[in-house]
Novice: 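Dropping a structure here in structure tokens format, bear with me for questions.
Counting from 1, the numbers follow the sequence of the chain as shown.
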Amino acid sequence: MTQHTPRPVEPAALKELRTRDDAGRTMAPFTDEEGGSPLRCCLRGSEPGETIALVSYAPLRRWAAGTGADPGAYDEQGPVFIHPGDCGGPDPAPSARYPFARPGALRTLRRYDRRGHIAGGRLFEIPAATGAEPDADAAFDAALDEAFADPEVALVHVRAVEYGCLHFEVRRP
């Protein structure tokens, strides 16, 4: 069981992104022939042959709009995969795993304060389950515990290092 809650893109934001994304583009669904694309609407990988869409998403801007924060120059947008229609979101059963936790993958955990400004970050390599090392979930828990040990940190974005895209958000417990 994870200690922190990975958050998908919120349903209201998904509805807007399916009409026009945060870069002002209309959604263009396509068939993911290979599968494995990280879907931010339901926090799972796509299946081969599944219809998905790649949209531009500004997670910090949307968080700031709900909190009154002003991220200023830290406001950014990037690509995320979503279903082109309502998928019901993540499995409602409490997850025992962090999504997209492929052993050996590199992530950055970018910390933001309540103003929406970057408050730090760290590089994180997802460990393989070896028995001697902590598993991926325990390692994620430790890295997120470290982030939230700073009382100024309001939320953490977990991003892929290779592409910089957002995988999920975690808010202060």
Side-chain angles (χ1 to χ4, degrees), residues 1-14 16-17 21-23 36-45 54-82 89-92 94-130 133-173:
M1 186 74 171
T2 60
Q3 294 178 10
H4 301 276
T5 304
R7 298 172 59 95
V9 176
E10 297 287 335
L14 287 167
E16 293 171 3
L17 293 169
D21 72 12
D22 287 342
S37 298
L39 294 162
R40 283 22 169 261
C41 49
C42 54
L43 298 180
R44 67 167 179 83
L54 184 63
V55 298
S56 184
Y57 175 56
L60 193 61
R61 180 184 315 160
R62 289 177 176 272
W63 170 82
T67 64
D70 180 10
Y74 296 105
D75 179 25
E76 61 183 344
Q77 61 196 31
V80 295
F81 291 102
I82 63 171
D91 183 344
S95 175
R97 313 267 329 153
Y98 285 101
F100 320 122
R102 181 177 45 82
L106 297 174
R107 302 288 181 255
T108 183
L109 279 65
R110 191 178 303 163
R111 305 168 189 180
Y112 293 93
D113 65 18
R114 66 182 160 274
R115 299 171 300 162
H117 294 191
I118 292 177
R122 75 174 288 225
L123 181 64
F124 175 73
E125 182 175 355
I126 300 173
T130 64
E133 299 286 325
D135 70 4
D137 291 331
F140 261 119
D141 282 339
L144 290 164
D145 285 346
E146 174 187 294
F148 290 117
D150 179 346
E152 295 300 312
V153 173
L155 70 153
V156 175
H157 285 173
V158 176
R159 295 174 175 267
V161 169
E162 300 91 336
Y163 301 102
C165 55
L166 177 78
H167 274 237
F168 58 91
E169 174 183 290
V170 177
R171 294 187 183 171
R172 177 169 286 286

Novice: Closest heavy-atom contact between R40 and V80?
Specialist: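 Here R40 and V80 meet closest at NH1-CA, 3.6 Å.
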Novice: Roughly how far apart are L60 CG and Y74 OH, rounded to 0.5 Å?
Specialist: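 Here the interatomic distance stands at 10.5 Å.
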Novice: State, with a plain yes or no, whether a side-chain heavy atom of H4 is found less than 4.5 Å away from one of D145.
Specialist: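 Yes, at least one pair of side-chain atoms sits under 4.5 Å.
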Novice: Which heavy atom of P8 sits nearest a heavy atom of P90, and at what distance?
Specialist: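 Between these two residues, the closest heavy atoms are CG-CG, 3.6 Å.
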Novice: If you measure from CZ on R159 to CZ on R107, what distance do you get to the nearest 0.5 Å?
Specialist: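 It comes to 12.0 Å.
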Novice: Indicate yes or no: at least one non-hydrogen side-chain atom of P6 is less than 4.5 angstrom from one of V158.
Specialist: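 The answer is no, as the side chains (C-beta and beyond) never meet within the 4.5 Å cut-off.
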Novice: Under a 4.0 Å threshold between the charged nitrogen and the carboxylate oxygen, would R62 count as salt-bridged to E16?
Specialist: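 Yes.
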Novice: Return the minimal non-hydrogen interatomic distance between D22 and A58, and the atom names on each side.
Specialist: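 Taking every non-hydrogen atom into account, OD2-N, 2.7 Å.
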Novice: Which atom names give the shortest non-hydrogen contact between R97 and D137, and what distance separates them?
Specialist: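 So the minimum-distance heavy-atom pair works out to NH1-OD2, 3.2 Å.
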Novice: Answer whether the closest heavy-atom distance between the side chains of E146 and R111 falls below 4.5 Å.
Specialist: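 They are in contact (side-chain heavy atoms under 4.5 Å apart), so the answer is yes.
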Novice: Residues two or more places apart in sequence or in another chain: which of them pass ring-ring contact (aromatic ring centres under 6.0 Å, His included) with Y112?
Specialist: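 Expected list: H157.
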Novice: For the pair D113 (side chain) and E152 (backbone), establish whether a donor and an acceptor sit closer than 3.5 Å, ignoring hydrogens and angles.
Specialist: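 Here the side-chain-to-backbone pair does not exist.
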Novice: Which atom names give the shortest non-hydrogen contact between G116 and P71, and what distance separates them?
Specialist: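 Closest approach of G116 to P71, heavy atoms only: O-CB, 3.4 Å.
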Novice: Run the side-chain hydrogen bond (donor to acceptor under 3.5 Å, both in side chains) test against R61 and tell me which residues pass, sequence neighbours left out.
Specialist: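 Only D75, Q77 meet the side-chain hydrogen bond (donor to acceptor under 3.5 Å, both in side chains) criterion with R61.
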Novice: Distance-only, no hydrogens or angles: does the R172 side chain make a donor-acceptor pair with backbone N or O of F148 under 3.5 Å?
Specialist: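 Judged by distance alone, yes, a pair lies under 3.5 Å.
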Novice: What distance separates F81 CZ from C42 SG, expressed to the nearest 0.5 Å?
Specialist: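 It comes to 12.5 Å.
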Novice: Less than 4.5 Å apart, side chain to side chain, heavy atoms only: is that true for T67 and R114?
Specialist: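 When only atoms from C-beta onward are counted, R114 and T67 do not touch, as no gap falls below 4.5 Å.
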Novice: Compare all side-chain heavy atoms of R110 with those of I118 and state whether any distance is below 4.5 angstrom.
Specialist: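 Yes; the side chains approach each other to less than 4.5 Å.
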Novice: side-chain hydrogen bond (donor to acceptor under 3.5 Å, both in side chains): which pairs involve residues 118-129, sequence neighbours left out?
Specialist: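 Not a single pair qualifies under side-chain hydrogen bond (donor to acceptor under 3.5 Å, both in side chains).
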Novice: For the residue pair F140 and Y98, categorise the inter-ring angle as parallel (less than 30°), tilted (30 to 60°) or perpendicular (more than 60°).
Specialist: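 If you compare the ring of F140 with that of Y98, the planes turn out tilted.
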Novice: Please give me the minimum heavy-atom distance between A136 and I126, naming the atom from each residue.
Specialist: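 Residues A136 and I126, closest heavy atoms: CB-CG2, 3.6 Å.
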Novice: How many angstroms lie between atom CG of L106 and atom CZ of F124, to the nearest 0.5 angstrom?
Specialist: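 L106 atom CG to F124 atom CZ measures 10.0 Å (nearest 0.5 Å).
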